[in-house]
Asks: 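Sharing a structure below in structure tokens format, with a few things to ask.
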Amino acid sequence: MIIIMVLVTLIQMADEDPVDPKKYLEDSCKPKCVKPLLECQACVKRIQGDESGHKHCTGQYFDYWSCVDKCVAQKLFTKLK
């Protein structure tokens, strides 16, 4: 009976789409990048009233995601096959 249950589980797992671990790792790394996130949010708040479209927070946005990606990379490559 146990063997049948294991086989059914394995067959179901084979039919499922693979799960991208990067999303889960990003969620675990985001709390480690609070400073760049706060800087990005402060920038967004600062330029909210800009109607000219010349002001942007691209640098702060990329700083935040660079921090997250650096954290993720350390963990992600150990999980890849």
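Throughout, residue positions are numbered sequentially from 1 according to the sequence presented.
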Asks: Minimum heavy-atom separation for Pro21 to Leu76, with atom names?
Replies: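 Answer, listing the atom of Pro21 first, then Leu76: CG-CD1, 3.8 Å.
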
Asks: For Lys55, which residues count as a side chain to side chain donor-acceptor pair (under 3.5 Å) partner, sequence neighbours excluded?
Replies: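 Not a single residue meets the side chain to side chain donor-acceptor pair (under 3.5 Å) criterion with Lys55.
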
Asks: Residues two or more places apart in sequence or in another chain: which of them pass side chain to side chain contact (heavy atoms under 4.5 Å, CB included) with Lys75?
Replies: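 Lys75 satisfies side chain to side chain contact (heavy atoms under 4.5 Å, CB included) with Leu25, Ser28, Cys29, Lys32, Cys71 only.
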
Asks: About how many Å separate CH2 of Trp65 and NZ of Lys30, when rounded to the nearest 0.5 Å?
Replies: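 Answer rounded to 0.5 Å: 4.0 Å.
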
Asks: Would you mind listing the cluster partners of Val34? Hydrophobic ones only (ILVMFWY), side-chain contacts under 4.5 Å, chaining allowed.
Replies: Leu38

Asks: Salt bridge or not between Glu26 and Lys22? Use side-chain N to carboxylate O under 4.0 Å.
Replies: yes

Asks: Which residues pass the side chain to side chain contact (heavy atoms under 4.5 Å, CB included) test with Cys57, sequence neighbours left out?
Replies: Cys43, Val44, Ile47, Gln60

Asks: Quick one: list whatever passes side chain to side chain contact (heavy atoms under 4.5 Å, CB included) with Phe62, sequence neighbours left out.
Replies: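 Listed in chain order: Thr58.
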
Asks: Go through the structure and list residues passing side chain to side chain contact (heavy atoms under 4.5 Å, CB included) with Ser52, not counting sequence neighbours.
Replies: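 Side chain to side chain contact (heavy atoms under 4.5 Å, CB included) list for Ser52, sorted by chain: Asp50, His54.
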
Asks: Distance from Tyr64 atom OH to Cys40 atom SG, nearest 0.5 Å?
Replies: 9.0 Å

